[in-house]
Undergrad: 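Here you go, one structure.
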2 protein chains.
Amino acid sequence: MVSDTDHVPPGGKAGRPRSERARRAVLHAVDDLLVDVGYAAMTMKGIAERAGVGRQTVYRWWSTKAEILLEACLVDAEEELTTPPRPDAADDLLAYLTALTEFLTTSPAGLAYRALIGEAQHDPVVRDLVHQAGLLALSAHDVLRRVRSSAPNMPDECLCAAQLTGPVVTQILTTPEPLPERLLEAHVAALLRAWR
Amino acid sequence: MVSDTDHVPPGGKAGRPRSERARRAVLHAVDDLLVDVGYAAMTMKGIAERAGVGRQTVYRWWSTKAEILLEACLVDAEEELTTPPRPDAADDLLAYLTALTEFLTTSPAGLAYRALIGEAQHDPVVRDLVHQAGLLALSAHDVLRRVRSSAPNMPDECLCAAQLTGPVVTQILTTPEPLPERLLEAHVAALLRAWR
DNA sequence: TCCTTTACGGGTCACTGTGCCTCGTAATGC
DNA sequence: GCATTACGAGGCACAGTGACCCGTAAAGGA
């Protein structure tokens, strides 16, 4: 007989789960639970049960709720935050910010990401995880690279990304309503004016 | 004999506690615990014990950790986020953003506020609480009113506040390091250029 | 002044989530 | 075919929650 506590994964994700089935079931269960019962009411026990999986199986491959959430989130997030290029810089930025708003307010992956940001304020480990993933930064940099030609006076790229996404994100994190389309347009216009 | 479960407060804060002593002890204990053990490890039991107060006394006047935290936070926050006016608009905004950064990264009240924003991602009730308090919005509007004369082209005031504080706040919430002074200066310069 | 009212500190209790362990079982790989 | 490994399921000790109940002490009205 073999114990359940030997094998690989020390902290989190050394080897992939032997059964892809279990992995997918857990990630899918987390997505479901997040929209069904919310983050606060989501428990490891609940995840295991919803996934039709033993609790130990969950603990074996992920050490925290946050880890599962991040993995479940990254799968969809990159795709949802990638917008097709548009000829006009203002259109391009606006499309991105609209997608970002949609992502953070309605997409399951976006809700997961917000839950992660929330958890990051309580737990430095999660904070590093979120920062490492760099979801916002990466997608923003993609868009910014495209509009660089129309904005010769753009400052440090990190600052630009923060200026672009910061107002939108903070609004969503701290108030019940995101910035409306009208203000997104005004925001983009102001940024381009500043960077011109 | 009288039960402990009659009296006033339904949800949160109908009447003031009869003993100001208990109230102050609890708020002080929360401040201490937050810096000592962090938000995650802070429990209602721990708060009561640290405050030298019965658990029931805590539950009587506040229904959640978040409520206590918010009250403890608001006491100091408004003062820490109020910066003296400066003649130059750029100086004025920069001083505010520097104070905001200091607040969110080092002040106990700021740490409490961040913990609240974190909790708000998990709990809509806390979200409303945070929004109601409107800490960021209020302090930002104060500063913006002062620079309005130097920036005739300022858009909607809500957007301005978001543009001013959003990048700073999001950076702090999602990465280990806040925006450095150098980038704060560049940010202010860009905003004034956009609003001119 | 007495005496009712009210909050107080402290303790108990049922309930829930966690994370670890141990079953017996099923799938994998040599 | 046989050893290895992950699997599901359940049990466990521990901690936090939030409700109760107790006896005490401090207001406030007569």
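Only this structure's heavy atoms are used, side chains among them; waters, hydrogens and symmetry mates stay out. Proteins come first, then strands; the chains are lettered A, B, ... in the order of their sequence lines, and each starts at number 1.
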Undergrad: Which nucleotide, dT18(C), dC7(D), dT17(D), lies nearest any side-chain atom of Y59(A)?
TA: dT18(C)

Undergrad: With the side chain of Q56(B) defined as its heavy atoms from C-beta on, choose the nearest nucleotide among dG19(C), dC8(C), dC20(D).
TA: dC20(D)

Undergrad: Testing the basics here: between A162(B) and P167(B), what is the closest heavy-atom pair and its distance to 0.1 Å?
TA: O-CD, 3.7 Å

Undergrad: Could you state the CD-P distance from E20(A) to dT28(C), rounded to the nearest angstrom?
TA: 13 Å

Undergrad: Quick one: ring pair (Phe, Tyr, Trp, His ring centres under 6.0 Å) partners of Y39(A), sequence neighbours excluded?
TA: H122(B)

Undergrad: Taking only N and O in the side chain of W62(B), is any of them less than 4.0 Å away from OP1 or OP2 of dG18(D)?
TA: no

Undergrad: At less than 4.0 Å, is any side-chain N or O atom of R55(B) found next to OP1 or OP2 of dG10(C)? Yes or no.
TA: no

Undergrad: Write down the protein N/O and nucleotide N/O pairs, taken from nucleotides 14-17 of chain C, whose separation is under 3.5 Å; answer none if there are no such pairs.
TA:
none

Undergrad: Which salt bridge (charged side-chain N to carboxylate O under 4.0 Å, His left out) pairs, counting each pair once, include a residue from residues 187-196 of chain A, with sequence neighbours left out?
TA: none

Undergrad: Which nucleotide sits closest to the side chain of R60(B): dG9(C), dC7(D), dA7(C)?
TA: dA7(C)

Undergrad: To the nearest angstrom, how far is E49(B) atom CD from dG11(C) atom C1'?
TA: 12 Å

Undergrad: For the pair made of CZ in R21(B) and P in dT6(C), what is the distance, rounded to whole Å?
TA: 21 Å

Undergrad: How would you list, by chain and number, every residue that makes a side chain to side chain contact (heavy atoms under 4.5 Å, CB included) with T174(B), sequence neighbours excluded?
TA: I117(A), T170(B)

Undergrad: Please determine whether salt bridge (Lys or Arg N to Asp or Glu O under 4.0 Å) holds for the pair E20(A) and R23(A), giving the CA-CA distance in whole Å, both sets of side-chain angles, and the decisive distance to 0.1 Å.
TA: CA-CA 5 Å; E20(A) 190 67 8; R23(A) 181 174 161 268; 2.7 Å; yes

Undergrad: Phosphate oxygens OP1/OP2 of dC7(D): is one of them under 4.0 Å from a side-chain N or O of W61(A)?
TA: yes

Undergrad: Would you please name every residue forming a side chain to side chain contact (heavy atoms under 4.5 Å, CB included) with L74(B), sequence neighbours left out?
TA: L70(B), A133(B), L135(B)

Undergrad: Round to the nearest Å and state the distance from R23(A) atom CZ to dA6(D) atom P.
TA: 16 Å

Undergrad: What contact category does G46(B) fall into here, base, sugar-phosphate, or nothing, at under 4.0 angstrom with non-hydrogen atoms?
TA: nothing

Undergrad: Quick one: side chain to side chain contact (heavy atoms under 4.5 Å, CB included) partners of R148(B), sequence neighbours excluded?
TA: M154(B), E157(B)

